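Order of listing sets the numbers, starting from 1, for every ligand and every atom in it. This one's a predicted model, so the numbers in the text were calculated from it and none came from an experiment.
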Amino acid sequence: MPAEVEKDIHACLQCGYCNFVCPIQLNPDRGFESWRVRGKMYHLKRYAHPGTFDRLMRRRPEITPEFVERVYNCTACGYCQHVCHANIKFNDRWEQVKEWFVTNGAGPLDRHKALRTRVIAKHNPYDEPHESRDAWIPKTAKRSRNPEILYFTGCTASYRQQKIAQDATRVLDAAGVDYDILGKDEWCCGSPLIRTGQTDIVRDEVDGLVKHNLNEIEKRGARTVVTACAGCFMTLSHNYPLYAGKPDFKLLHLTQFIDKLVADKKLKLKKPLPKKVAYHDPCHIGRHFGIFEEPRRILKSFPKSSYIEMKHNRYDSQCCGAGGGYKIQFNDRAEYIASLRVLEAKELGAEMLVSACPFCVTNLTGGAKVAGVKMEVAELVSLVAESVS
Ligand code: SF4
Ligand code: SF4
């Protein structure tokens, strides 16, 4: 067992403050203690240190496939870390536990294994040809050969939400930003592999994903990297430094960058929001990094802003259900969790649910279908692109 996990299983007070925040428990059949953070911590503790009765009975709790499945029932939302009274750093601990499972052949789950194969073969988890990674780039994009800013697109925007990537370039062009895009030189950032414990090809020092992407970023010479994807943001800002040390560039989420462009009057939002809009905080920029106010300031900068606040917001935001490899393995459950978020927005009277992550947008769109309600789901950068053009 990893040393930091071993230390924290003793730190857990079994107080249960984490019991009612985990999005997995929103599934009606996932409420039992064994699915909860407290229950999983207890299992790990008893595995490492069998109790007196276990010793008398000459038995020991095992790392069974059922337990492994429970650990992989996690969206990496960070809520358990946020509420933990013992200050356990769950954002890293769950990944360390999964890495330990993978090392010992106990994990990952079947669909997660396919991710690794695809990323090795095609540098993306969607099984799309690498040659078409830059097919989304508009011919009109004003790219620079010596850029100040590099837009890291990510796999979801490159292959599944191409309009979001195109809208990002529309916004950068409208503000006169000196930028470039990696295009085919960009590989998957590694987020889905890290979240599922498959870090070997991410951290490989010869041709791993971290090494490759950092080399390509360095070649472009940009001092600042921006990304619209919350998953890429978390990976580049938290995981890359763990594997490769502090990078030479500054990393910003696109909402932080746009917020500054608006404040500096380099970008003027001219058209009002199209509908009554509520904002969904992506966990990987919100609870993990405290990027709460920048997207809200942008929304409030629209003329006659019709922005409304969700009941669960900022640190108390409810996860959409997509992250941590959960959607990949348990798509129906992920979309069910998203449907609850959509219904929350609907009850507020919102006509549009906006987020700041292409993967959240994908899952919330599925959630709206599951909920069976009329709710448009959009990316904030698309609203900005529409307003400035
Ligand atoms: S990170 Fe979120 S989904 Fe994972 S165990 Fe903690 S609360 Fe549950
Ligand atoms: S809140 Fe922290 S200390 Fe309390 S039961 Fe949950 S993991 Fe353990």
Side-chain angles (χ1 to χ4, degrees), residues 1 4-49 67-101 107-109 112 191-192 194-197 230-231 234-235 238-239 280-289 312 314-331 333-338 340-341 357 359-360 363 367:
M1 184 179 288
E4 286 168 307
V5 177
E6 162 85 43
K7 189 168 136 268
D8 280 343
I9 55 176
H10 297 290
C12 175
L13 305 164
Q14 292 288 301
C15 60
Y17 282 91
C18 54
N19 270 356
F20 302 102
V21 297
C22 178
I24 303 306
Q25 263 106 70
L26 295 171
N27 289 288
D29 59 343
R30 293 282 187 266
F32 295 119
E33 186 71 8
S34 66
W35 296 95
R36 293 177 177 173
V37 175
R38 180 176 68 178
K40 290 183 249 189
M41 289 301 275
Y42 186 75
H43 189 114
L44 286 169
K45 187 172 179 178
R46 281 289 164 258
Y47 169 78
H49 303 280
F67 180 66
V68 170
E69 188 191 356
R70 279 154 178 76
V71 171
Y72 276 98
N73 265 261
C74 171
T75 65
C77 76
Y79 217 156
C80 50
Q81 171 165 319
H82 178 62
V83 298
C84 181
H85 277 220
N87 202 21
I88 295 173
K89 304 294 179 209
F90 279 110
N91 298 340
D92 289 331
R93 295 301 165 266
W94 290 133
E95 285 168 17
Q96 289 164 340
V97 172
K98 290 176 199 166
E99 219 175 336
W100 174 53
F101 287 167
L109 303 184
H112 298 147
S191 173
I194 296 167
R195 308 297 159 239
T196 55
M234 179 153 121
T235 305
H238 179 66
N239 301 103
H280 165 78
D281 288 284
C283 302
H284 289 177
I285 59 167
R287 216 165 3 245
H288 284 267
F289 290 96
H312 294 99
R314 298 179 174 83
Y315 282 109
D316 188 33
S317 178
Q318 189 66 61
C319 175
C320 79
Y326 190 68
K327 183 173 175 63
I328 295 152
Q329 182 72 30
F330 306 106
N331 186 51
R333 290 182 183 278
E335 290 189 345
Y336 171 71
I337 292 171
L340 302 179
R341 191 66 169 149
C357 172
F359 204 44
C360 291
N363 201 43

request  = Output the distance between atom CG (L26) and atom CG (L340), rounded to the nearest 0.5 Å.
outcome  = 5.5 Å

query = At what distance, to the nearest 0.5 angstrom, does SG of C319 lie from NE2 of H280?
reply = 6.5 Å

Give the atoms of ligand 2, by number and element, whose distance to some non-hydrogen atom of [X] is under 4.0 Å.
X	answer
H85	1 (S), 2 (Fe)
Q14	5 (S), 8 (Fe)
F90	7 (S)

[X] side chain near [Y] side chain, heavy-atom distance below 4.5 Å:
X	Y	result
K98	Y72	yes
R341	S317	yes
L109	V68	yes

What is the nearest protein non-hydrogen atom to [atom], stated with its residue, atom name and distance?
atom	result
atom 8 (Fe) of ligand 2	C12 SG, 2.4 Å
atom 2 (Fe) of ligand 2	C84 SG, 2.4 Å
atom 3 (S) of ligand 2	L13 N, 3.2 Å
atom 4 (Fe) of ligand 1	C74 SG, 2.3 Å
atom 6 (Fe) of ligand 2	C18 SG, 2.3 Å

query = Between R333 and Y326, is NZ or CZ placed under 6.0 angstrom from the six-membered ring centre and within 45° of the ring axis?
reply = no

message = Around atom OH of Y17, are there more than 12 heavy atoms from other residues, nucleotides or ligands closer than 6.0 Å?
response = no

inquiry  = Below 4.0 Å from ligand 1: does a non-hydrogen atom of V37 turn up there or not?
reply    = yes

key: Pairing of K7 and E4 as salt bridge, 4.0 angstrom limit   = no

remark   = All heavy atoms of I88 vs all of M41, minimum pair found to be CD1-CE, 3.8 Å

request  = Counting heavy atoms only, name the option from C80, A76, C283 that's nearest to atom 7 (S) of ligand 1.
outcome  = C80

Short list, please: which atoms of ligand 1 are under 4.0 Å from a heavy atom of [X]?
X	result
G78	1 (S), 2 (Fe)
W94	5 (S), 6 (Fe)
T75	3 (S), 4 (Fe)

